[in-house]
Structures are given as C-alpha cells and as structure tokens.
Amino acid sequence: MSQLEVKPRRSVLYMPGANERALEKAKALPADALILDLEDAVAPDAKEAARERVCAAAASGEYGRREVTIRVNGLDTEWHDADLRAAAQAGPAAVVVPKVNSAHDVHNIERALELGGAPDHTAIWAMVETPVAMLHAEEIAAASERLTVLVMGTNDLAKELHAEFVPGRAPLLGGLSLCLLAARATGKVILDGVYNDVKDVEGFKAECLQGRQFGFDGKTLIHPGQIEPCNEVFSPSEAEIEQSRKIIAAFEEAKAEGRGVVTVDGRMIENLHVDNAQRILALAEAFTA
C-alpha cells in the first residue's frame, strides 16, 4: 500500500451487472468499493444490455465516496473488446480484468483503454487466478503504472489446482503468498478472494482476519451482509491507533532530545515500527473520512 495515498478498500463488493435493482441498492451500501460485474454474474444473452446498464451506472456519479469499477469479460471471450471500449468511455475508477496471466496481457489491456479514450484516472485491476499468474505475479504487477491493484481469484485458482476448500486455505497459501510478495515488491494494492458461504459468518470473519494478518489490503465480497464484518476486521482497532500514536510521539521526543534508543512499554522502537504506526494512522484517517 502506498504511503502517499491511502484509499479505503477494505470491502470490495461484486454486484451483478444485469440486475438493475442491485445496482441501485449498491448506492446505499457501506462498501468501500464496488465491482459492477459483466462476467460471471451475467448470462450470455444479457451481456450487451448489462454492459450498457453498468457503464451508465459507473458514469453516473451517484455512488458517493465508493470506488466504482467495472469487471469486463475475459481476454479470450467474444465480449472482451466491446466491454473495454465501453468501459473506457464510461471512465470508472478502474477496469477489473479476469485471468490476467502475463505482462503482455496487461499491455494489451492498457493499449485498448488508451485507444478507447479512457481517462487517466481509470486504473487496471488485474485478477490473478491461475497457476501461471501466480508464477508471473511480479511481472504482471510491474507491467504498467496504470495497474494499481491485484485481485485474488481464489475460486478459479482452487479449481485449477484441483484443491479443496478447507478452513485456513492451506492448499492456496503458496499462491496467495507469491502474489502478496509481488504486490509489496511493486507498490501495488492487493485484495483477497471471496468467501463462498454467505451463511457462515464465523468462518467468513476468520478468513478476513487471516487475510489481514497476511497483509491483504481488503477482501472481495459476494453478499452485502459481508460488508460490515469485513470493514471491522480490516480497520485498525482503537488499541492499535492509540499504540501507534504512542510510538510516533516517543520516537519524535527521543529524536528531539538526541537519544538513539527509544522504548515504548518496554519494547525497543525502530524506524520500521514508526513507518507501520504512520501507516495505521493513515488507514484510520482514510476509513473515517
């Protein structure tokens, strides 16, 4: 996550592009960001109508502070080119592209957006959801400055790995870790994948906590009921905020007095602790703005 700009992306909700009521409802949901979906949530015979509806919604300016993105159909589909052209004209915060497997894919997406007249603020969010994407995650993340976010596609990854869905996600940890390393090495944001059982609240919270502990910036969601628990887990607690303030104050005081050793509550403090404290306070400020 950039130290210069912190955007709230704790909760990023997929909304079906073919469902006009869902798109209207999203205007009042407490999600930090929305992915208006033209891919999995839309039947083939509804793709064109959904494209028109989603692009109009993204261009409407009616979603308040929420970051509005459009997920287009995949690069190997018949709808991809038309989706990108329409999204470029709509000018959402980002275009979310499924199954990005290489830097070459990123370059093609970037070129198509530019040819379509996309404004500079329209970023690329690359979904990484295949074994080949895991093995080329750094190359993908570094391919373009327009690419700002990696989105984990854990369902497709599990399918391609022939893996089972188990608590703790042990079969997926290698891929998750590779992508986290790639995101941090290249200064990109990274979002965790979805949790499929919308009725399993405790399981969902546990996976949110695991994602935060890993270092994800937020999580993609499939149901509005997942938003508030996700926001809670990915927000700094009052205790974390207070501790961060103490660390920064102690460090500044020691620096002013010329002391080389700083301790807070008996623990030695270094620059890395101060950097982390500043990051936590910046997140807290962004989430309450």
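Only a predicted model underlies this, so the values are computations on that prediction, with no experimental measurement involved.
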Kindly compute the distance separating [atom1] ([X]) from [atom2] ([Y]), expressed to the nearest 0.5 Å.
| X | Y | atom1 | atom2 | value |
| --- | --- | --- | --- | --- |
| Thr130 | Met134 | OG1 | CE | 6.0 Å |
| Leu13 | Ile227 | CG | CD1 | 5.0 Å |
| Glu232 | Phe287 | CD | CZ | 13.0 Å |
| Asn19 | Arg21 | CG | CZ | 7.5 Å |
| Ile247 | Ile280 | CD1 | CD1 | 7.5 Å |
| Arg146 | Thr148 | CZ | OG1 | 10.0 Å |

Can you name the closest pair of heavy atoms from [X] and [Y] and give their distance?
| X | Y | result |
| --- | --- | --- |
| Asn231 | Ser235 | O-OG, 2.6 Å |
| Ser11 | Ala31 | OG-CA, 3.4 Å |
| Glu207 | Asp192 | O-OD2, 4.2 Å |
| Leu75 | Lys99 | CD1-O, 4.2 Å |
| Ala86 | Arg51 | CB-CD, 3.7 Å |
| Pro92 | Val68 | CB-O, 3.5 Å |

Assess whether atom [atom1] of [X] is packed by more than 12 heavy atoms of other residues, nucleotides or ligands within 6.0 Å.
| X | atom1 | answer |
| --- | --- | --- |
| Glu110 | CD | yes |
| Glu138 | CD | no |
| Glu52 | CD | no |
| His107 | NE2 | yes |
| Lys25 | NZ | no |

Derivation of the side-chain contact (heavy atoms from CB on, under 4.5 Å) call for Val100 and Met127
CA-CA 6 Å; Val100 175; Met127 295 196 69; 5.7 Å; no
If the test is side-chain contact (heavy atoms from CB on, under 4.5 Å), which one of Val95, Val72, Val54, Ile70 qualifies with Asp83?
Val72
For Lys188 and Asp217, run salt bridge (Lys or Arg N to Asp or Glu O under 4.0 Å): C-alpha distance rounded to whole Å, both residues' side-chain angles, the deciding distance at 0.1 Å, then the answer.
CA-CA 10 Å; Lys188 310 294 183 174; Asp217 296 299; over 6 Å; no
Quick one: do Glu160 and Val132 satisfy side-chain contact (heavy atoms from CB on, under 4.5 Å)? Show the steps, please.
CA-CA 10 Å; Glu160 296 213 13; Val132 69; over 6 Å; no
Within-4.5 Å side-chain heavy-atom neighbours: Val96 and Val149:
no
Taking Asn155's backbone N and O only, do any of them form a donor-acceptor pair with Glu129's side chain (distance below 3.5 Å, no angle check)?
no
Any donor-acceptor N/O pair, Arg71 side chain to Pro98 backbone, under 3.5 Å
no
Go through the steps for Glu78 and Lys47 under the test salt bridge (Lys or Arg N to Asp or Glu O under 4.0 Å), then give the verdict.
CA-CA 10 Å; Glu78 62 185 279; Lys47 295 285 189 185; over 6 Å; no
Hey, are Asn108 and His104 close enough side-chain-wise for a donor-acceptor pair under 3.5 Å?
yes
Show, in sequence, the C-alpha distance, side-chain angles and deciding distance for Tyr14 and Glu39, and conclude whether the side-chain contact (heavy atoms from CB on, under 4.5 Å) test is met.
CA-CA 10 Å; Tyr14 288 100; Glu39 193 205 18; over 6 Å; no
